[in-house]
Each structure stands twice: as structure tokens, then as C-alpha cells.
2 protein chains.
Amino acid sequence: MRSRNKLAVREAIGEAALRLAVEQGPGALKVVRVADIASAAGVAPRTYNNYFSSREEAICAVHAGQARRLGKALRARPAGESFVDAVVAAVVETFATPEPDRAGLAMIMRTPELQGEALKAFTMAEEPLAEAIAERTGVTAGDLTCQVRAAAIAGAVRVAGRHWLDTTSPPPFATVLRAALKSVL
Amino acid sequence: MRSRNKLAVREAIGEAALRLAVEQGPGALKVVRVADIASAAGVAPRTYNNYFSSREEAICAVHAGQARRLGKALRARPAGESFVDAVVAAVVETFATPEPDRAGLAMIMRTPELQGEALKAFTMAEEPLAEAIAERTGVTAGDLTCQVRAAAIAGAVRVAGRHWLDTTSPPPFATVLRAALKSVL
DNA sequence: CGGCTAGATGCGTGTCACGCACATAGTGCG
DNA sequence: CGCACTATGTGCGTGACACGCATCTAGCCG
């Protein structure tokens, strides 16, 4: 336990929380107790509470981490690429590589008690994304346009996810993402 | 008490919760107890719980109601108006008429524990907005493009709010809203 | 006028977040 | 080489809360 650094412990708890929630399916929040999450992650209940102050936060932590990487992904695109292509590529490699887990995504996006935390996770991705957009388009950081574009992109990803979940015969998520992004770029 | 209908009671509780939270300023969630909200609204603590299952939800209820009216506002625009003009007008009259209360908005958008619920409130506005957009542009409801555009508009409103709060000398909120919407329409 | 329903309220219970104190591993300094 | 010091995990106790259940009251309809 002590050998794992803080980030690793946080990840372990988050993954355990999400896994248990998905196993229990709908209504998981009523069944999965803090003690369950803690023991599944190999920590004491009190320790879980040092990292997260609610089960919702823990369950959404892994997706929050994924969303936070979007800005970095955009920065990593080659400079010669057009802005639109770079954003699409960054989004696809961040959210559709590998293909997301339908059960986990459904749990997070369709459970009312988790929606707030999930939206918060998506929204936290906007700030680094806006900075990356500002850098790439050569405007000053904190520009209103960049933040609006970042919010639009994040919103498109979210809507694409909802659409993808509603579809019974699943096309590749990347296809839905590209279609959604086409409307805002 | 019994004379007020359910909606009125809900509104009374929501307003009381927001008012108390704003009065206490930052850290209000630690100070404002359920009993305080209930007594301020003139109901029993158990009754508050029949309407809301968390203080966050109660505090954000008034803004949720405001956001939910956006779709209706768009439908109410004259048919001859261009799509862009109609959206801008609907947004401005929904969110900037009258000029919002800075303290209340700051409380909701800047308190971490409230952000999730606030984002949920904004997101709930997207569905009726998407339907109104579909109706006005003549495409089938549930179209991906409409939902993405609705999300982009809601995101622009949210970013505009954040920007408006960060500005020390406040321009009219409608001005910021128009600037933000220009980037996504 | 009597039963009926919706809504408000009280009470009890299980869960939770968090402050506080302690134990212990890893670390730098003399 | 040993010693304090710090960071982190953990146990315990407390206050608050969400919610199920039972009750009561007001208003309504026949």
C-alpha cells in the first residue's frame, strides 16, 4: 500500500468503484457501499475518504482523467495538420481508442446521481482544451472564443456518447464522434 | 402551506435555499443546514426532503427552472426571424432579462460542490432546446446535429456566465452572451 | 355529511463525511 | 549509523442527512 504513490492509490480506488458499480448495474449507488469500494481497492474505508468525498466522485474519476488528457492530445498533434483535423484526431484517440466500455459509459451518463459528477468531469476538460486551442490558433489564452469552442467540442463529445449509447446496433464510436464534431467545427 | 400547490412549495424551498446560501457566502454548504432551509421556506425538514434529495439540488433549482425555459423562448420567437437572430434573442431574454444576480451566479458556478448540479441544470435545458431547433429548422427531432447545436449553445451560455463573473467592471451580460454565441452560430 | 386522496409531518434507521489522534514507513541530517 | 521529521494510512467518534414508514389534516366528491 505505502509503496504505491498517491496517484496510484487514487486510480486503484477509482477503478474499483467503477468496476463494482458496473457489476451491480442500475441502482448500484444503493448497493455499493463505501466499505465495499475500499476493500476492493485494498485500502481502509477512511483512506477512501481521503481521496474522494463521495462515491459519485470516485466512480467518475477514471473518466475525469480521460477527459483531462484531451488538451494534451491536441497539443501532441503535428503542427502541419489543419485545426479541424487535429481536433478530430485528438478527440478520437482520446475517447475512442480503445472503444469505450458501453456498460461503464451507460452507468455514468444515465444514472441521475452520477450525471452531475460526469458533467463536471467533462467540463474540467474544457480549460486545458481551450488553452491548447489558443496555442494552436495563435490567440491569447483566456480568449472567450477559445473557451466557447472548447465547450462546444466537449458538448459534441458528450452528445455523441449519448447517441452512441442509444443506438442498439453500435457503429464505431469514432464514426459518431466525427459526425458530431462536424456540426461544431 | 396546504393552499400553495406543489410547484409553489418547490419554488419557495428553492428560493429560500439559494437566498440562505448567498447570504452565507463561500462555504455556505458547511453552514446552511437542512433545518435552516426548511424553516426559511416555512415547511418541515421532512417536507423539504420530499422535494429535494440534496441541498445542492435545492440551491440550483431556480436556475434549473430558468434554463428549462430556453426551449420555450425559442419557440416563441416569430417565424420570420432568422435562426441565428431567434436563438440570440431567446437566450438574451431567458438569461439576461433581467440582469442576473452576480452573487447567486457566482455561488452556483464557483462552489465545487454545486458545479455538478449546476451543470446538470444547464444540460437539462439542451433537450427542449434541441427539439425547438429541430422544429424551427425543419429536421426530424432527435437528429444528432440538433442536439450538438443545442449543447454548443448551452455551453456558450455557460462560458459567457463564467467570463462575465470574472470581469471586474461588468458589461451587460447580454453583450457577453452575444459575443459567445457568435462563435458557435 | 361521511369517506377518500394528496400532501405535510414525526420518528427511526442506516449511511456517510470528516475532524482528531495514532501508528508506521520513508527521508534527510548530523 | 542512528535520530528526529514528515507524509500517509488507519481507527474511532460525532454530527448530519436521505429516506422508509406511519400518522394526521385539509380539501373534495358523491
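We name chains A, B, ... by the order of the sequence lines, and we start the count at 1 in each one.
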On DNA chain C, nearest-nucleotide positions of Ser54(A) versus Thr47(B): which is more 5'? Thr47(B)

Once hydrogens and angles are ignored, does a donor-acceptor distance under 3.5 Å link the base of dG7(C) to the side chain of Arg46(B)? no

Answer yes if the side chains of Gln115(B) and Thr111(B) hold a donor-acceptor pair under 3.5 Å, and no otherwise. no

How many Å lie between CG on Asn50(A) and P on dC16(C), as a whole number? 16 Å

Could you walk me through whether Asn50(A) and Val9(A) pass the side-chain contact (heavy atoms from CB on, under 4.5 Å) test, one step at a time? CA-CA 11 Å; Asn50(A) 288 342; Val9(A) 175; over 6 Å; no

Side-chain N,O (Lys30(B)) to OP1/OP2 (dA17(C)) below 4.0 Å: no

Side-chain N or O of Ser53(A) versus OP1/OP2 of dA17(C): is the shortest distance under 4.0 Å? no

CG of Asn49(A) versus P of dG15(D): gap in Å, rounded? 18 Å

Taking only the side-chain nitrogens and oxygens of Tyr48(A), find out if one of them lies under 4.0 Å from OP1 or OP2 of dG9(D). no

Any side-chain donor-acceptor pair under 3.5 Å between Ser82(B) and Asp85(B)? yes

Tyr51(A) has an atom OH; how far is it from atom P of dC18(C), in whole Å? 16 Å

Distance-only donor-acceptor test (3.5 Å): side chain Arg33(B), base dG15(D): no

Between dA8(C) atom C1' and Ile13(B) atom CD1, what is the distance in whole Å? 11 Å

Would you kindly give the CD-to-P distance between Glu113(B) and dC18(C), to the nearest whole Å? 8 Å

What integer distance in Å separates Leu29(B):CG from dA16(D):C1'? 13 Å

Using whole Å, report how far CZ of Arg55(A) lies from C1' of dG14(C). 11 Å

Whole-Å distance separating the CG atom of Asp36(B) from the C1' atom of dC17(D): 13 Å

Report yes if the side chains of Val176(A) and Pro171(A) come closer than 4.5 Å at any heavy-atom pair, otherwise no. yes

Val34(B) versus Asn49(B): any side-chain heavy-atom pair under 4.5 Å? no

